Protein chains: 2
Amino acid sequence: MNLKTKEHYEVRAQVAKALAHPARLLMLDAIQQCGDGEMCVCDLTEIVGVDQSTVSRHLAVLKQAGVLADRKEGVMTFFRLRVRCLEGFWGCVEIVLKEKLKAQQKAVGR
Amino acid sequence: MNLKTKEHYEVRAQVAKALAHPARLLMLDAIQQCGDGEMCVCDLTEIVGVDQSTVSRHLAVLKQAGVLADRKEGVMTFFRLRVRCLEGFWGCVEIVLKEKLKAQQKAVGR
DNA sequence: TTTATTCATGGCAAAATGGCCATAAAAGAA
DNA sequence: TTCTTTTATGGCCATTTTGCCATGAATAAA
């Protein structure tokens, strides 16, 4: 088998972890769908509906993971996606969810 | 904007969370690469190198998420992938890692 | 039957995560 | 200058996650 080093799996898990929070998913979705391709912390705070400090920390996680980039303009900070592959990422998640549903239906019919 | 419900993001985050652990990644990789397409808990325990009870719990997480299925044969339990899309999933992670590296290089050269 | 093997689970402790509040820092407005 | 707005961060607490040990349950072997 062609298994990798422990670090190999750790850095990849770190990226997946950054994507594994509902508030962060919502923020990514909002940024992706907004016309400008970027959003300020204040707007994201309103959309997510948690404390501004919490949003700031979520955004820091996504930035640190390599998913978002930021740009300061005056008093505001705008965040934008650094990658275009998230569709594929969530496409796989959708498939997993469908499989899970299948398994549950099979279990009920047992 | 076409944002989804809170639950929409929660179930998807749950799947991502299941994939967001180095030991679980290693196990998925091992199962994917092994010839039979399935592995027993005992072999996975040896590969990962943590307690057998810990491996069992990791496998339960992946099963619950819809990523793995299991099959009992005698005293052993074999786990196999339920989905074929993980390549795409990790492909996106690779792209994120490359972006992160680019950002770090830019930061050093500043 | 007794013994050994394989896996799952209860219990517990350590660490990580996520949330809020308060507040600092930076920029612009008055 | 002083006030306001926007963002980031320290502090703190509650919850979740992760790991191990011990042990139970199930099956196979002796």
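Order of the sequence lines fixes the chain letters, A, B, ..., with proteins taken first and strands second; residue numbering starts at 1 for each chain. Predicted, not measured: the structure shown is a model, and the values here were computed from it.
Counting only residues at least two apart or on different chains, the side-chain hydrogen bond (donor to acceptor under 3.5 Å, both in side chains) pairs with a member in residues 13-28 of chain B are Arg24(B)-His58(B).
The CZ atom of Arg12(A) lies 14.0 Å from the CG atom of Leu19(B); values are rounded to the nearest 0.5 Å. Here the CZ atom belonging to Phe79(B) is positioned 8.5 Å from the CG atom belonging to Leu44(B), to the nearest 0.5 angstrom. Here CD of Gln33(A) is found 10.0 Å from CE of Met39(A). Values are rounded to the nearest 0.5 Å. Considering NZ of Lys100(A) and CZ of Arg82(B), their distance stands at 11.0 Å, rounded to 0.5 Å.
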Q | Protein-to-nucleotide contact annotation, 5' to 3' order, nucleotides 14-24 of chain D [B base; S sugar-phosphate only; - none; under 4.0 Å, heavy atom] | A | ---SSSBBB--

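Taking atom CG of Leu19(A) as the reference point, atom P of dT17(C) lies 14 Å away to the nearest angstrom. Rounded to an integer number of Å, the gap from Glu73(A) CD to dT6(D) C1' is 13 Å. Nucleotide dT17(C) holds its C1' atom 16 Å from the CG atom of Leu59(A), rounded to whole Å. The CG-C1' distance, from Asp70(A) to dT6(D), rounds to 14 Å in whole Å. Computed from coordinates, the Leu26(A) CG to dG18(C) C1' distance equals 16 Å when rounded to whole Å. Put simply, CG on Leu44(A) is 15 Å from C1' on dA8(D), counting in whole angstrom units. Between Leu62(A) atom CG and dG18(C) atom C1' the separation is 14 Å, expressed in whole Å. The distance between atom CE of Met76(A) and atom C1' of dA8(D), rounded to the nearest whole Å, is 15 Å.
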Q | Derivation and outcome, side chain to side chain contact (heavy atoms under 4.5 Å, CB included), residues Glu87(B) and Gln32(B) | A | CA-CA 10 Å; Glu87(B) 300 278 351; Gln32(B) 193 166 42; 3.6 Å; yes

Q) Trp90(A) and Leu25(A): side chain to side chain contact (heavy atoms under 4.5 Å, CB included), yes or no, with the steps? A) CA-CA 10 Å; Trp90(A) 299 117; Leu25(A) 297 197; 3.0 Å; yes

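Side-chain N or O atoms of Thr45(A) include one that pairs as donor or acceptor with a backbone N or O of Val41(A) at under 3.5 Å.
In the helix from dT1(C)-dA30(D) to dA30(C)-dT1(D), the end axes, each obtained as the rotation axis mapping the C1' atoms of four pairs onto the next four within a five-pair block, lie 10° apart to the nearest 10 degrees.
Here dT5(D) is the nucleotide among dC7(C), dA8(C), dT5(D) with the atom lying nearest to any side-chain atom of Val75(A).
Backbone-only engagement by Thr77(A) is indicated by non-hydrogen atom pairs under 4.0 Å involving sugar-phosphate atoms exclusively.
Checked against Leu62(B) for a side chain to side chain contact (heavy atoms under 4.5 Å, CB included), the options Ile31(B), Leu68(B), Asp70(B), Leu81(B) give a single hit: Leu68(B).
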